[in-house]
Amino acid sequence: MSKVPVVIREHYTMLLELHDNLIWFHTDVRKWTAEIKVKYLEDLNLLQHLVSVPLVAIVHQDNKKLAKFGKSIGFEIKQDFVGQDKQMYHIYSRSL
């Protein structure tokens, strides 16, 4: 499947991808400030209300910056798995 942009803003884009009956969340951040985070969380909460199911995301175990970002916007680690590349990943989920 391909990623579908669903929230497009000047400083970030949120994308969704349907795979294995889960909605995978992706985000591209171009600029980040406290003010942008407030708007981002408003958009993310609205998006979650609209899709009404938990969003999931994958983070490589060594990507501490992405893991910290995910936690700061409400994602929680749910499960670990080894990818096809034999690397360890964490699956994060966010629900309202």
Side-chain donor-acceptor pairs under 3.5 Å in residues 28-41, sequence neighbours left out?
from	atom 1	to	atom 2	distance (Å)
R30	NE	E10	O	3.1
R30	NH1	T13	OG1	3.2
R30	NH2	R9	O	2.6
R30	NH2	Y12	O	3.2
R30	NH2	T13	OG1	3.1
T33	OG1	E35	N	3.4
T33	OG1	E35	OE1	3.4
T33	OG1	I36	N	3.1
K37	NZ	S72	O	3.4
Y40	OH	T27	OG1	3.2

* Should D43 and L47 be marked as a side-chain contact (heavy atoms from CB on, under 4.5 Å) after you check the CA-CA gap, both sets of side-chain angles, and the distance that decides it? -> CA-CA 6 Å; D43 286 339; L47 176 61; over 6 Å; no

Is it true that [X] and [Y] fall in one hydrophobic cluster, defined by side-chain heavy atoms closer than 4.5 Å?
| X | Y | value |
| --- | --- | --- |
| M14 | L46 | no |
| Y92 | L66 | yes |
| I77 | I73 | yes |
| L15 | I8 | no |

**Request:** Could you walk me through whether N45 and R94 pass the side-chain contact (heavy atoms from CB on, under 4.5 Å) test, one step at a time?
**Result:** CA-CA 10 Å; N45 288 335; R94 184 182 195 270; 2.7 Å; yes

Show which residues join I91 in its hydrophobic cluster (side-chain heavy-atom contacts under 4.5 Å, direct or indirect), or state none.
->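 Grouped by the 4.5 Å side-chain rule, L22, W24, V56, I58, F81, Y89 form the rest of the cluster around I91.
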
- [ ] Any pair with a residue in residues 53-71 that passes side-chain hydrogen bond (donor to acceptor under 3.5 Å, both in side chains), sequence neighbours left out, goes on the list, sorted by first then second residue, please.
- [x]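 Every side-chain hydrogen bond (donor to acceptor under 3.5 Å, both in side chains) pair that includes a residue of residues 53-71, provided the two are not neighbours, is H60-Q87.
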
Roughly how far, to the nearest 0.5 Å, is [atom2] of [Y] from [atom1] of [X]?
| X | Y | atom1 | atom2 | answer |
| --- | --- | --- | --- | --- |
| F75 | H90 | CZ | NE2 | 15.0 Å |
| S2 | L18 | OG | CG | 10.5 Å |
| S95 | L55 | OG | CG | 8.0 Å |

How far apart are the closest heavy atoms of M88 and D80, and which atoms are they?
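Distance-wise, the nearest heavy atoms are SD-CB, 3.7 Å.
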
